[in-house]
Amino acid sequence: MLRMLTQRPALAPADARLLLAESSTDPLAHVAVALSLVAGLRPDEVEDLRVTDYEPSAPRLTTGAEREPRTIQIAPTARQALDAYLAAQKTDSDHFLLPQLRRERVMRIVRNTAVSAGVTVGMYALRQAAIRAALEGGAPVEHVHAYFGFKEKDALPAVEESPLPEGWDAEIAAVLEEAFVS
């Protein structure tokens with residue numbers, strides 16, 4: 001299965017940069033693209049984020065409540081996109097973090113941004129590119145499992161549950177930042 005994931009056509013880093021640049025003038029589009037690409041979130045995970053799920057000082061997100069709950073450090077680009085969007089919003093801790101980003105809208109924004117940037121890519125290609133970048137960047141499979149919220153039936157091989165070392169998620173965030181932004 002791992003081989004199948006890494007053999008899919010990859011979103012080229014240059015195309016990823018085009019998507020991020022194209023979305024950068026619209027804070028809502030930029031946060032949708034950044035969370036999908038540079039944090040590897042699924043559309044439903046973006047939708048389900050609550051205000052209390054984001055720790056800007058860390059910067060960390062708790063996500064995946066419906067599939068595989070996890071708390072991860074996010075890359076600087078994702079943090080900047082979130083902070084820029086939230087700076088113009090009134091948020092209450094009991095509410096959704098990104099109330100304007102329902103699943104279908106995340107997918108539409110990514111699709112429209114890709115068309116505007118001249119990039120042929122679907123929504124899930126952003127997450128796949130993030131997973132691929134983490135694996136190619138040398139992240140252990142168990143770290144990739146944890147960061148992207150894989151379950152046993154997903155595309156990566158099963159791994160034994162064991163405590164992850166301190167900073168494991170920061171390493172993946174750094175790999176994603178380097179792969180798609182630097």
Side-chain angles (χ1 to χ4, degrees), residues 5 8-51 53-64 67 70-91 95-137 144 147-149 169-170 172-182:
L5 176 69
R8 292 180 183 162
L11 175 65
D15 288 342
R17 287 191 268 290
L18 283 173
L19 285 172
L20 287 166
E22 183 66 31
S23 69
S24 66
T25 60
D26 177 350
L28 186 63
H30 196 53
V31 77
V33 170
L35 288 176
S36 301
L37 177 64
V38 189
L41 299 188
R42 298 173 180 94
D44 58 318
E45 292 173 338
V46 174
E47 176 180 3
D48 292 340
L49 289 172
R50 299 254 178 204
V51 172
D53 292 337
Y54 179 47
E55 300 171 45
S57 62
R60 300 178 76 72
L61 276 178
T62 298
T63 186
R67 287 181 61 98
R70 63 202 187 277
T71 298
I72 56 170
Q73 182 169 332
I74 57 173
T77 297
R79 176 190 186 176
Q80 292 162 1
L82 260 174
D83 290 347
Y85 175 76
L86 293 174
Q89 307 299 312
K90 292 182 181 178
T91 56
H95 292 100
F96 288 105
L97 183 65
L98 306 164
Q100 295 178 323
L101 285 178
R102 302 297 86 196
R103 182 181 193 279
E104 294 79 19
R105 188 152 187 215
V106 172
M107 295 174 76
R108 187 173 56 249
I109 286 171
V110 169
R111 184 175 47 249
N112 292 344
T113 302
V115 168
S116 295
V119 176
T120 304
V121 66
M123 171 70 215
Y124 292 98
L126 278 65
R127 177 176 163 78
Q128 290 167 356
I131 295 164
R132 186 181 192 137
L135 290 168
E136 289 176 352
V144 174
Y147 195 91
F148 294 101
D169 54 341
I172 291 180
V175 165
L176 297 177
E177 183 78 10
E178 183 174 327
F180 301 122
V181 181
S182 300

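Only this structure's heavy atoms are used, side chains among them; waters, hydrogens and symmetry mates stay out.
The two residues F180 and A129 make their nearest non-hydrogen contact at CZ-O, 3.4 Å. In plain terms, the two heavy atoms of A134 and L176 that are nearest each other are N-CD2, 4.4 Å. The two residues R79 and S57 make their nearest non-hydrogen contact at NH2-CA, 4.2 Å. Looking at every heavy atom in both residues, R42 comes nearest to G149 through NH2-O, 3.1 Å. Considering all non-hydrogen atoms of both residues, A81 and H30 come closest at CB-CD2, 3.5 Å. Nearest heavy atoms, V175 versus G137: CG1-CA, 4.2 Å.
Contact of the I109 side chain with the L101 side chain is registered, since non-hydrogen atoms from C-beta on lie closer than 4.5 Å. With a 4.5 Å cut-off on side-chain heavy atoms, L82 and L61 count as touching. A 4.5 Å side-chain heavy-atom check between T63 and D53 finds every atom pair outside the cut-off. Two residues are said to be in side-chain contact when any heavy atoms from C-beta on lie closer than 4.5 Å; V38 and L20 meet this criterion. The shortest distance between side-chain heavy atoms of F148 and R127 falls below 4.5 Å. V119 places a side-chain heavy atom less than 4.5 Å from the side chain of L11. Proximity of P43 to Y124: side-chain heavy atoms (C-beta onward) are separated by under 4.5 Å at one or more points.
The line from OG1 of T113 to CG of D26 is 7.5 Å long, rounded to the nearest 0.5 Å. Summarising the geometry, atom CZ belonging to R105 is positioned 11.0 Å from atom CG belonging to L98; distances are rounded to the nearest 0.5 Å.
In this structure, E177 contributes its side chain and T77 its backbone to a donor-acceptor pair below 3.5 Å. Under the 3.5 Å distance criterion, the side-chain polar atoms of D83 are left unmatched by any main-chain donor or acceptor of Q80. In this structure a side-chain-to-backbone donor-acceptor pair under 3.5 Å is missing from Y147 to G40.
Screening T62, L49, I74 against Y54 for a side-chain contact (heavy atoms from CB on, under 4.5 Å) leaves a single residue, I74.
Under 4.0 Å is where a charged nitrogen must lie from a carboxylate oxygen, and between E45 and R70 at least one such pair does. For the pair R103 and E47, the salt-bridge criterion is not met [side-chain N within less than 4.0 Å of a carboxylate O]. A salt bridge links D169 and R60; the closest N-O separation between the charged side-chain nitrogens and carboxylate oxygens is under 4.0 Å.
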Item to check | side-chain contact (heavy atoms from CB on, under 4.5 Å) between L28 and Q100, intermediate numbers included | outcome: CA-CA 8 Å; L28 186 63; Q100 295 178 323; 3.8 Å; yes
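Around CD of E178, the count of heavy atoms belonging to other residues, nucleotides or ligands within 6.0 Å does not exceed 12.
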